[in-house]
Visitor: 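One structure is given below, represented as structure tokens, and several questions about it will come after.
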Amino acid sequence: MGQYTVSTRKNVRILLVGDAGVGKTSLILSLVSEEYPEEVPPRAEEITIPANVTPEQVPTSIVDFSSVEQTEETLGLEINKAHVVCIVYAVDDDDSLDRITSHWLPLIRSKCNATLEGDAETEAETEAAGEGLRKPIVLVGNKIDLIDYSTMDSVLAIMEDFPEIESCVECSAKTLHNISEMFYYAQKAVLHPTSPLYMMEDQELTPACKKSLVRIFKICDIDGDNLLNDYELNLFQRRCFNTPLQPQILDEVKAVIQKNVADGIYNDAVTLKGFLFLHCLFIQRGRNETTWAVLRRFGYNDQLEMCQEYLRPPLKIPPGSSTELSHRGQQFLISVFERYDRDCDGALSPEEHKMLFSVCPSSPWSYSTDIRKSCPINDKGWVTLHGWLCRWTLMTLIDVVKTMEYLAYLGFNVHENDSQLAAIHVTRERRIDLAKRQSSRSVYKCHVIGPNGSGKTGLCRGFLVDEMQKLIGKEFKTNIVHCINSVQVYGQEKHLILRDIDVRHALDPLQPQEVNCDVACLVYDSSNPRSFEYVARIYIKYYAEGKIPVMIVGTKCDMDERRQDYLMQPADFCAKYKLLPPHLFSLRTNKKELYTKLATMAAFPRFQDAWILFYKHRLVQLWESAHLRHFGLLTEDSKLLWKAGLGVAAATMLGFIVLKTLSAAGSHSR
């Protein structure tokens, strides 16, 4: 990926204003013809300079204003259309200089604020408009060939009172002195403005600029020691400017920092103070473009906000497809985890978690009420590396846009030198999985549906812990609906997401997003005689005619099983609809084969009809059948086993007869 910039300007529009006779029109004509015009019209026509002849490679329109030919209403329209306004004064005319503050600057402010107030819908917005973004201004002193002194001292005093003034320049339309520089400064005021970066009156960086640079410093601090060493500085230089930092230049930079900031260098590395000073120095020396190049490389726009195109690159997801983390995405998240795991205990403490997301506007989830309740944690309640990847996997499946945003905040684009799209894998469409009866995905979503009190929340939370008995009698107060962990499906690691579907009333209909999933787990309380009816009705209404695999689970099997008050008992119901027999589950038994069953059914859609795919060889059949029976996924019907055995015997006999026939035919031919 090349250097990323988010400057939204595709062109620059420059407006020249000033008192009559100061030489506005002459400046434009001298620039275009590269010679002083003998005859000057009242106003020059609008001209456009092609991108290939401008220093910033941006098409530039130059507009002249004449108070003789145009009205003040036209002036207001031109001010608002312009990206930058050049106020021209004559250096030999003190009145034209005085009118910069008495007339032109107040006029430009009023025209800009009038437009902002017209767009504002509330009183608060109107008040904010008055303090809003002001039009960049460049002060231009013309006719410098007529005097032997400078007006810069007077102009600098004006700049202190009007922060929208980006720069000032003295020039001469007659001798062409500084003509090109004047229009370059005007371009620069639009493409690399000073006011968002630097407060002229305070001689320091703006809070927004400082905050952005602090984030950039933290992202570039790969080893997390709050210093930028030579390796990190070189990586920063290559990422921002596509060129390495020469050792001599690096030493000179460090020397400048050390000379001006007492604690700017520590152990031959640049501190945060030194980093901020360096950018302050760039701006003070008129090298705004350097700081802007850094900011735009890290995704900031002209208002020092993260650009939406940077945070949310377009991602095409076909209907029926899902999103997962790619290998590069996982490796990046592992490196981020290890960087902030300061004590190297394999887990993120609340403080380490807070520090990790300090480069983001906020954390994508709550540490206490979300991540600790939705993915695996250690004995201290801290999220482990495995849990960390699980939580990102969950977010990528249910909200991939948010995943891409936070990958950008954490610096994926810079460290990987690519957009976040490289961190995302889009799976093939579900209809293809159903046709092939095998899923290519590694993340599956299971909806756990059942009446209140059936134990479905305990079933979901049990997926996250090693000792499920500890959950018995526990009241689940948080509203976390997703739990994620990994399971092994035929030697491959898969992630299973359990979504606890909230059922307020038995008659409430389920929404499509509550029904559609990779596998459904319908839960009833085996000790409650009125529990199964709800599950049966849900299956008949939403799943009987569909292609989503369904597992019926009877919870609390450690208690006395009660006969269900329904037309059929659970086992008969499953037999009628050709479902697997009900799986009996209890937190007290601490058996987790249920989760492997669910993941396996999701991996092989329409699972009940597909087990024969695994019997490719007699030895394989014997080995696998033992495991399948262990999980309750192989029928105990002895007739079916006899039929399978007779089929194998018949195939063997037929092969033997064919072989004998071929052998006999061969002997006769000889």
Side-chain angles (χ1 to χ4, degrees), residues 313-334 375 386 389-404 407 416 418-448 463 482-499 512-513 515-521 543 546-551 580 593-617 620 624 627-628 631 633:
L315 176 64
K316 185 178 180 181
I317 306 174
S321 295
S322 62
T323 47
E324 304 174 0
L325 286 171
S326 69
H327 178 71
R328 284 180 68 182
Q330 292 178 5
Q331 291 302 116
F332 172 76
L333 291 170
I334 291 172
C375 61
H386 175 61
L389 291 175
C390 281
R391 188 59 185 83
W392 277 93
T393 299
L394 169 61
M395 185 164 72
T396 303
L397 184 74
I398 64 176
D399 192 352
V400 68
V401 172
K402 191 173 182 179
T403 293
M404 291 195 293
L407 285 171
E416 296 294 321
D418 209 340
S419 80
Q420 309 94 295
L421 297 179
I424 306 300
H425 168 65
V426 179
T427 67
R428 72 186 182 191
E429 298 175 46
R430 180 174 171 78
R431 61 180 179 81
I432 300 176
D433 289 344
L434 290 171
K436 293 180 176 291
R437 299 188 177 186
Q438 181 175 356
S439 174
S440 62
R441 307 180 185 191
S442 61
V443 184
Y444 305 117
K445 186 164 57 174
C446 171
H447 287 184
V448 182
F463 188 33
H482 293 100
C483 295
I484 180 171
N485 205 342
S486 61
V487 293
Q488 291 290 322
V489 177
Y490 286 93
Q492 293 184 334
E493 184 180 66
K494 306 289 186 180
H495 282 92
L496 181 66
I497 297 171
L498 302 181
R499 180 184 174 188
Q513 63 270 23
V515 175
N516 296 326
C517 55
D518 296 304
V519 59
C521 178
Y543 293 102
K547 298 179 180 180
I548 297 174
V550 175
M551 168 73 73
L580 296 176
E593 62 267 22
L594 168 64
Y595 307 115
T596 304
K597 276 187 181 182
L598 292 170
T600 307
M601 293 173 71
F604 299 93
R606 305 178 70 180
F607 187 75
Q608 295 90 331
D609 299 328
W611 280 108
I612 195 65
L613 294 174
F614 301 114
Y615 306 147
K616 297 180 180 178
H617 191 277
V620 176
E624 289 185 339
H627 287 270
L628 297 175
F631 289 122
L633 293 170

Visitor: Write down the atom of V400, the atom of I317, and the distance for their closest heavy-atom approach.
Guide: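 Looking at all heavy atoms of both residues, the shortest contact is CG1-CD1, 4.0 Å.
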Visitor: Quick one: does R441's side chain get under 4.5 Å of S322's, heavy atoms only?
Guide: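 Yes, side chains in contact.
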Visitor: What's the shortest heavy-atom distance between M551 and K597, and which atoms?
Guide: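 Scanning both residues, the minimum pair turns out to be CE-CD, 3.5 Å.
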Visitor: Taking all non-hydrogen atoms of both residues into account, name the closest pair between C390 and C375 and its distance.
Guide: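 Taking C390 first and C375 second, the nearest heavy atoms are CB-CB, 4.1 Å.
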Visitor: When rounded to the nearest 0.5 angstrom, what is the spacing between NZ in K547 and CZ in R430?
Guide: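 Going from the NZ atom of K547 to the CZ atom of R430 covers 9.5 Å.
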Visitor: In Å, rounded to the nearest 0.5 Å, how long is the span from OH of Y595 to OG of S486?
Guide: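 The OH atom of Y595 sits 13.5 Å away from the OG atom of S486.
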Visitor: Within the structure provided, determine whether K494 and Q492 are in side-chain contact (heavy-atom separation under 4.5 Å).
Guide: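 Yes, side chains in contact.
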Visitor: So, do L580 and M601 sit near enough that their side-chain heavy atoms are less than 4.5 Å apart?
Guide: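 Side-chain contact under 4.5 Å: yes.
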Visitor: Does the E324 side chain pair with the main chain of T396, one donor and one acceptor, at a distance under 3.5 Å?
Guide: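 Judged by distance alone, no pair lies under 3.5 Å.
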Visitor: Going through the distances and angles, do L315 and L421 end up as a side chain to side chain contact (heavy atoms under 4.5 Å, CB included)?
Guide: CA-CA 7 Å; L315 176 64; L421 297 179; 3.8 Å; yes
Visitor: Using modelled atom types and a 3.5 Å cut-off, is there a donor and acceptor pairing between side-chain atoms of S326 and backbone atoms of A422?
Guide: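 Indeed, once roles are kept as given, a pair shorter than 3.5 Å links the two residues.
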Visitor: Taking side chain as C-beta onward, heavy atoms only, is T596 less than 4.5 Å from Q488?
Guide: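 No, every pair of side-chain atoms sits at 4.5 Å or beyond.
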Visitor: Which heavy-atom pair separates P313 from M404 by the least distance, and what is that distance?
Guide: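 It is O-CE, 3.6 Å.
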Visitor: For a side chain to side chain contact (heavy atoms under 4.5 Å, CB included) check, start with the C-alpha distance between L498 and K445, then their side-chain angles and the critical distance, and finish with the verdict.
Guide: CA-CA 6 Å; L498 302 181; K445 186 164 57 174; over 6 Å; no
Visitor: Report yes if the side chains of Y444 and I497 come closer than 4.5 Å at any heavy-atom pair, otherwise no.
Guide: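 No. Closest side-chain heavy atoms not under 4.5 Å.
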Visitor: If you look at every heavy atom in T600 and Y490, which pair is closest and at what distance?
Guide: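 Scanning both residues completely, I find the closest heavy atoms to be CG2-CE1, 4.0 Å.
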Visitor: If you round to the nearest 0.5 Å, how far is OG of S440 from CD of E429?
Guide: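 Interatomic distance, E429 CD to S440 OG, rounded to 0.5 Å: 11.0 Å.
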Visitor: To the nearest 0.5 Å, tell me how far L598 CG sits from F463 CZ.
Guide: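 One gets 8.5 Å once the value is rounded to the nearest 0.5 Å.
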Visitor: Minimum heavy-atom separation for I548 to N516, with atom names?
Guide: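 The answer is CD1-CA, 4.1 Å.
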Visitor: Any side-chain heavy atom of I484 sitting closer than 4.5 Å to one from T393?
Guide: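 A side-chain contact exists here, since the closest heavy-atom pair is under 4.5 Å.
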Visitor: I need the H327 NE2 to F332 CZ distance, nearest 0.5 Å.
Guide: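 Nearest 0.5 Å value for the NE2-CZ distance: 14.0 Å.
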Visitor: A side-chain contact here means heavy atoms from C-beta on lying under 4.5 Å apart; do H425 and T427 qualify?
Guide: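 In contact.
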Visitor: Does the side chain of H482 reach to within under 4.5 Å of the side chain of I398, using non-hydrogen atoms?
Guide: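 Yes, side chains in contact.
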Visitor: Report the distance from atom CD1 of I334 to atom CH2 of W392, rounding to the nearest 0.5 Å.
Guide: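 One finds 13.0 Å between CD1 of I334 and CH2 of W392.
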Visitor: Just do the side chain to side chain contact (heavy atoms under 4.5 Å, CB included) check on D433 and R428 with the steps written out, would you?
Guide: CA-CA 8 Å; D433 289 344; R428 72 186 182 191; 2.5 Å; yes
Visitor: Which is it for E493 and S442 under the side chain to side chain contact (heavy atoms under 4.5 Å, CB included) test, yes or no, and what are the steps along the way?
Guide: CA-CA 7 Å; E493 184 180 66; S442 61; over 6 Å; no
